Amino acid sequence: MTSISSDLPPSMPARPRSRVLPYVVLLILAALVAGLVWYATRPVAMLVQGEAEAPRVDVSARVPGRVVELGADMGDRVEQGTLLVRLENAQLTTNLGAAQAALVVAQRNETAIGATRPEIIRAREAELAAAEADLQLAQEAATRDQALEQRGVRSQAVIEQSARNLAAAERKVEAAQAQLDLARAGASPEERAVAAAQVDQARAAIGQAQANIDELNVTAPQGGQVTGRMVELGENVGAGAPLFTIVDLDGTWFTFNIRENLLGGLKVGDRLRVQVPALDAQVDATVTLINAQGDFASWRATRATGDFDLRSFEVRAAPATPVPGLRPGMSALIRPAEAEGE
């Protein structure tokens, strides 16, 4: 019975496993290195981060005062014209009363200038009547003296004196008539115009004082959510001091700062796909503004490398439809290369 030998023929010697293993390990390491190099050098899409913004208004009072009523609080939704703060200022109320009194004085003065007392008119009429009587006497005396002069009874000196008396009497009548006309006419047009201007000035002062009173009620200039309240009940606030902050959440937009070499022909009206991580949502938005930033936002190249300076541009995009839950400050991500033209 022949036994079967497991030994290989001399022409096909078996390789020990200890010699094959290093080659396998080297191949695996080479594959890993190649994979890492490919992963590190593969082209990836540029990701630009921006944020959501919204119209924001810091509400302040135009006049100083003490807070006597608060009409809104943090987190409230308000409409345009909603009362936010009511102030109290006794000085402004007093100024309004003084302006109203000044208007009354100006109106009384205008009335007084436009009218003449009847006693003055009667006195001027009496003066005219007396002057006319003196004129008549002077005329009669002059006539009599001329008749006597023809008879040789009156001297030439007496005749000349009579003529002078007659002329003086005529001048007195003219002066009395002018005084009567002046009394009947009253003030001159210029004086009446000054009185009317004083009335207008007093009315303007009342309007200014009333406007200051109206400013004591501070209302919302726009609708939105109250995100800040910087005043307390009973506090004295100065003119221009911030009282409330209102953000219009319905007008939210996205803003990005992008270097010009990444714009890739982006233009107003293009559509962007914006990712909002806070909402885990993709939002369609339309580019509404591309505006160059200042020199401070420019990327400075190293001259030795042959590069050139790159300016940054502000890109604004408005959501195509309202996005529930979108708030100012939320991060927004875009890939500039994915912009779509209209």
Side-chain angles (χ1 to χ4, degrees), residues 61-66 87-217 238-240:
R62 195 176 63 86
V63 296
R66 185 174 63 87
L87 304 177
E88 184 180 63
N89 190 318
Q91 182 179 359
L92 296 182
T93 305
T94 303
N95 291 342
L96 178 59
Q100 291 171 340
L103 175 61
V104 174
V105 172
Q107 290 173 334
R108 296 292 184 272
N109 182 54
E110 183 182 29
T111 303
I113 288 179
T116 304
R117 295 179 59 180
E119 294 85 354
I120 296 178
I121 294 177
R122 290 198 298 268
R124 297 294 181 265
E125 291 174 343
E127 292 174 356
L128 177 60
E132 289 175 344
D134 292 341
L135 175 60
Q136 184 176 0
L137 290 175
Q139 289 174 341
E140 293 174 354
T143 301
R144 185 172 56 252
D145 289 339
Q146 287 178 356
L148 293 175
E149 188 270 338
Q150 292 177 357
R151 295 167 56 185
V153 178
R154 287 284 189 270
S155 63
Q156 185 64 32
V158 173
I159 296 302
E160 292 177 354
Q161 182 62 41
S162 296
R164 288 194 293 270
N165 292 340
L166 178 59
E170 290 175 347
R171 302 291 84 76
K172 286 183 179 179
V173 170
E174 293 176 356
Q177 183 63 54
Q179 290 294 330
L180 177 59
D181 294 341
L182 181 62
R184 287 173 176 173
S188 66
E190 293 77 12
E191 292 173 333
R192 293 175 184 270
V194 170
Q198 290 175 343
V199 172
D200 294 338
Q201 184 179 24
R203 286 199 178 100
I206 289 180
Q208 180 63 57
Q210 185 61 56
N212 292 336
I213 293 292
D214 295 340
E215 289 293 333
L216 293 175
N217 294 327

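Computed from a predicted model, the values in this text were never measured in an experiment.
Counting all heavy atoms, side chain and backbone alike, L166 lies closest to A142 at CD2-CB, 4.3 Å. Across every non-hydrogen atom of V199 and A106, the tightest pair is CG2-O, 3.4 Å.
Taken to the nearest 0.5 Å, the CD1 atom of I213 stands 5.5 Å off from the CG atom of L96.
Taking the salt bridge (charged side-chain N to carboxylate O under 4.0 Å, His left out) definition, one finds that R62 meets it with E215, sequence neighbours left out. Partners of Q208 under the side chain to side chain donor-acceptor pair (under 3.5 Å) rule, at least two apart in sequence or in another chain, are N212. Applying the salt bridge (charged side-chain N to carboxylate O under 4.0 Å, His left out) rule to E170 yields no partners; only residues at least two apart in sequence or on another chain are considered. Q210 is linked by a side chain to side chain donor-acceptor pair (under 3.5 Å) to D214, counting only residues two or more places apart in sequence or in another chain. When the side chain to side chain contact (heavy atoms under 4.5 Å, CB included) test is applied to E174, the partners found at least two apart in sequence or on another chain are R171. Scored by the salt bridge (charged side-chain N to carboxylate O under 4.0 Å, His left out) test, R108 finds no partners at all (sequence neighbours excluded). A205 is linked by a side chain to side chain contact (heavy atoms under 4.5 Å, CB included) to A99, counting only residues two or more places apart in sequence or in another chain. With sequence neighbours left out, E140 forms a salt bridge (charged side-chain N to carboxylate O under 4.0 Å, His left out) with no residue at all. By the side chain to side chain donor-acceptor pair (under 3.5 Å) test, D200 pairs with no residue at all, sequence neighbours left out. Listed by chain and residue number, nothing satisfies the side chain to side chain donor-acceptor pair (under 3.5 Å) test with R203 (two or more places apart in sequence, or in another chain).
Between the side chain of N109 and the main chain of V105, no donor-acceptor pair closer than 3.5 Å is present.
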Give every donor-acceptor pair under 3.5 Å between a side-chain atom in residues 122-139 and any protein atom, sequence neighbours left out.
{"unit_1": "E125", "atom_1": "OE2", "unit_2": "R184", "atom_2": "NH2", "d": "3.0"}

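Residue pairs meeting the side chain to side chain donor-acceptor pair (under 3.5 Å) criterion with at least one partner in residues 87-99, sequence neighbours excluded, are R66-E88.
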